[in-house]
Amino acid sequence: MSEAPTFIVVGSGASAVVAAARVLDAGHRVLMLDSGDVDDRYSQRIPQRPFATLRQEDASQHEYLLGHAAEGIDLGGTGPLAQATAPRRFVFRRALQLLRTSGDSFAAVESLARGGLAEAWGAGAFPFTDHELRQAGLDAGEMAPHYEAVARQIGISGADDDLAPWRGALAALQPPLALDHNAAALLASYERRKQQLARMNVRLGRPLLAVLSEGLGERRANPLHGLDFWSNAGASVFRPSVLLDTLMGRPGFEYRSQLLVTHFDEPASGGVRVNATDLQHGSRISFTADHLLLCAGALGSTRIVLRSTGHYDQPVPLVCNEHAYIPSVRWRGLGAAASGRSHALAQLTVLMDPTGDQQHLVQAQIYSFTGMLLARLLKDSPLGLRDSLSIFQALASSFVILGVQHEDVASPGKHLVLRRGPVPEEDVLEIRWRPDASVQAVQDAAHRGFCEAMRVLGCWPLRVVRPGAGSSVHYAGMLPFADENRPLTLDRSGRLRETRSVYVCDGAGLNYLPAKGPTLTLMANARRIACELAQSLCKR
Ligand SMILES: Cc1cc2nc3c(=O)[nH]c(=O)nc-3n(C[C@H](O)[C@H](O)[C@H](O)COP(=O)(O)OP(=O)(O)OC[C@H]3O[C@@H](n4cnc5c(N)ncnc54)[C@H](O)[C@@H]3O)c2cc1C
């Protein structure tokens with residue numbers, strides 16, 4: 001073994017794999033500690049054929065589309081796991097069993113899976129604008145090269161269209177994926193009514209998706225089977241396990257799973273000790289390294305930090321995008337045949353600029369019916385299930401669903417507190433979520449604006465479905481970047497204050513979440529932290 005400093009990376013999610021790859025590239029050794037639950041049932045089971053063909057021809061389709069135990073049928077409300085098909089349930093399974101949260105009807109969705117939450121993500125890959133990065137505590141100039149490097153590493157398809165000036169810059173793009181029939185019609189309608197929509201401060205364009213339209217290394221372009229919420233043919237959708245698989249073969253990298261990391265400490269003799277519970281044997285085990293990169297997800301890293309630093313019962317901020325669905329019918333398309341081949345992820349992105357200065361953008365992704373699992377919205381229909389079923393079947397090929405995201409920033413009514421349990425594994429993360437009263441009115445106005453824009457585009461918006469706080473699964477703000485030296489904050493390098501060698505590389509550091517999926521930014525920031533740390537070690 002070389003004498004290069006060692007890094008322990010906790011987690012194998014989007015932030016972790018990018019950070020680990022970067023320190024490994026710099027010649028350092030990496031030990032990745034992970035809970036690492038895997039899908040042992042479905043991954044090899046789903047035929048690589050179009051969704052429509054499977055629906056017509058495969059007599060055992062129910063086994064994977066609905067699940068062996070019909071676990072893909074969720075009769076509760078449209079909540080945070082609205083997109084979690086049976087083959088994706090493993091992403092949440094162990095976290096639901098082992099991690100404890102309570103309070104305020106806030107759905108705190110976490111993952112203890114190999115690859116984390118992005119094994120189930122929708123692959124919407126937005127850069128933040130300069131203004132949004134500043135609000136989040138990040139520097140646009142520092143982030144730009146890391147956005148581009150991550151985009152080249154994971155593969156992002158999209159276009160430079162009307163959204164580009166509002167969306168944030170990204171040069172390393174593959175061509176956009178083919179649109180389905182609904183999206184093509186909406187885009188054509190937008191081109192005709194662009195001026196009217198511009199007066200409403202609304203723009204429409206292609207989404208940026210971490211999905212390949214061209215091969216990248218061993219990975220293949222998306223086959224347009226419409227099965228992206230069930231399987232990942234050719235690894236065309238970036239999922240952290242795709243990058244983890246390549247790390248596994250590299251010298252200097254070691255992956256240990258079946259571990260629940262509980263806390264760290266920094267011995268006076270130097271380095272950092274990471275303590276974990278072996279999930280198979282129940283024993284306690286510790287590991288040492290020169291540096292620790294915490295990438296356990298924003299909530300997971302916060303648990304580990306609060307426990308390690310003894311900050312029980314002390315509130316820390318919580319930032320989370322609120323979101324809503326607006327199911328709509330494209331009435332001009334009623335009765336038209338569905339297009340044969342398409343992917344199931346977001347087809348289009350809508351941006352609205354309610355303040356006219358691009359500083360409080362509201363964003364929506366437009367999905368067609370297979371993508372957002374029309375059946376799940378049946379439950380929200382005002383009609384009975386049987387009536388709704390026949391109506392929804394008739395409307396299916398002209399159905400579009402907007403997934404709306406709202407910005408969020410820390411405020412006094414929204415925080416987390418770690419309460420001590422009988423053993424560290426049973427500590428409870430208590431959540432209080434009371435947004436300022438003005439927030440709901442701003443969001444309602446944006447929903448009305450989106451409904452109006454959909455009418456202009458030739459759609460009937462049916463209703464606004466609010467799946468509840470927390471269900472965007474975009475969390476941040478607990479251990480914020482701060483210039484002043486305060487406990488439970490990060491310095492610009494990502495180092496946790498009051499520690500020598502502990503760095504937080506996931507969303508916990510971001511002070512602000514614009515109305516966008518944060519994951520590309522989490523990856524770019526994790527890469528920035530890992531890169532700066534690796535470089536500073538080389539200079540020593
Ligand atoms: C259905 C769905 C759709 C989404 N769509 C989008 C989207 O389109 N665009 C977007 O930007 N974002 C999206 N997201 C959010 C996105 O998935 C997350 O922002 C992102 O995956 C977070 O990555 P992370 O690496 O920071 O943390 P996580 O994904 O939470 O990974 C945490 C890792 O740490 C490990 N871990 C945690 N605690 C411990 C512990 N104590 N001990 C050992 N290991 C531990 C876990 O096993 C896991 O490997 C979506 C999420 C969901 C659920």
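The model shown is predicted, which means the values in this text are computed figures rather than measured ones. Counting starts at 1 for both ligands and their atoms, following the listed order.
For the pair Ala14 and ligand 1, the shortest N or O to N or O distance falls below 3.5 Å. Not a single N or O atom of Ser472, backbone or side chain, sits closer than 3.5 Å to an N or O atom of ligand 1. Geometrically, ligand 1 and Leu117 share a nitrogen or oxygen pair separated by less than 3.5 Å. At least one N/O-N/O distance between Gly124 and ligand 1 falls below 3.5 Å. Below 3.5 Å of separation, one finds no N or O of Arg114 facing any N or O of ligand 1. Polar contact check, Pro518 against ligand 1: a nitrogen or oxygen pair lies under 3.5 Å apart.
Checked options Arg420, Arg100, Arg284; the residue passing with Glu425 is Arg284 (criterion: salt bridge (charged side-chain N to carboxylate O under 4.0 Å, His left out)). Applying side chain to side chain donor-acceptor pair (under 3.5 Å) to Tyr512 and the options Glu407, Glu132, Arg134, Gln135 leaves one that passes, Glu407.
Using bins of under 30°, 30° to 60° and over 60° for the plane-to-plane angle, the ring pair Phe7/His28 lands in the tilted bin.
A side-chain donor-acceptor contact under 3.5 Å links Arg219 to the backbone of Ile154.
At a heavy-atom cutoff of 4.0 Å, ligand 1 is contacted by the backbone of Ala123 but not by its side chain. Counting heavy atoms under 4.0 Å from ligand 1, residue Cys295 touches it through the backbone alone. The part of Leu259 lying near ligand 1 is the backbone, judged by heavy-atom distances below 4.0 Å. Using a 4.0 Å cut-off between heavy atoms, Lys516 makes no contact with ligand 1 at all. When non-hydrogen atoms are compared, ligand 1 lies under 4.0 Å from the backbone of Ser111 (N, CA, C, O) but not from its side chain. Contacts between Phe92 and ligand 1, counted as non-hydrogen atom pairs separated by less than 4.0 Å, involve the side chain only.
Interface of Gly122 with ligand 1, defined as ligand atoms under 4.0 Å from a residue heavy atom, comprises 3 (C), 4 (C), 5 (N), 6 (C), 7 (C), 8 (O). The atoms of ligand 1 that sit less than 4.0 Å from any heavy atom of Asp506 are 26 (O). Proximity to Gly517 (heavy-atom distance under 4.0 Å) selects the following atoms of ligand 1: 9 (N), 10 (C), 11 (O). Heavy-atom contacts of Gly13 reach the following atoms of ligand 1: 25 (O), 31 (O), 33 (C), 49 (O) (cutoff under 4.0 Å). For ligand 1 and Ser15, the ligand atoms under 4.0 Å from any heavy atom of the residue are 24 (P), 25 (O), 26 (O).
For His447, the ring pair (Phe, Tyr, Trp, His ring centres under 6.0 Å) partners are His406, not counting sequence neighbours.
Within the 4.0 Å heavy-atom shell around ligand 1 one does not find Glu110. In this structure, Val109 does not count as a contact residue of ligand 1, since none of its heavy atoms falls inside 4.0 Å of the ligand.
For the pair Arg495 and Tyr503, the cation-pi criterion (under 6.0 Å, within 45° of the ring axis) is not fulfilled. Judged by the 6.0 Å distance and 45° axis criteria, Arg114 is positioned over the aromatic ring of Tyr255.
Sorted by first and then second residue, the pairs that involve residues 95-117 and meet ring-ring contact (aromatic ring centres under 6.0 Å, His included), not counting sequence neighbours, are Phe106-Trp433, Phe106-Tyr475.
For an aromatic pair to be called close, the ring centres must be under 6.0 Å apart, and Trp230 with Phe51 satisfies this.
Salt bridge absent: Arg527 and Glu532 never bring a charged side-chain N and a carboxylate O closer than 4.0 Å. The existence of a salt bridge linking Glu142 and Arg492 is confirmed by a sub-4.0 Å separation between a basic side-chain nitrogen and an acidic carboxylate oxygen. Between Asp139 and Arg528, none of the side-chain N atoms (NZ, or NE/NH1/NH2) sits under 4.0 Å from a carboxylate O, so this pair counts as no salt bridge.
Considering only non-hydrogen atoms, atom 31 (O) of ligand 1 lies nearest to Gly116 out of Cys505, Ala113, Gly116.
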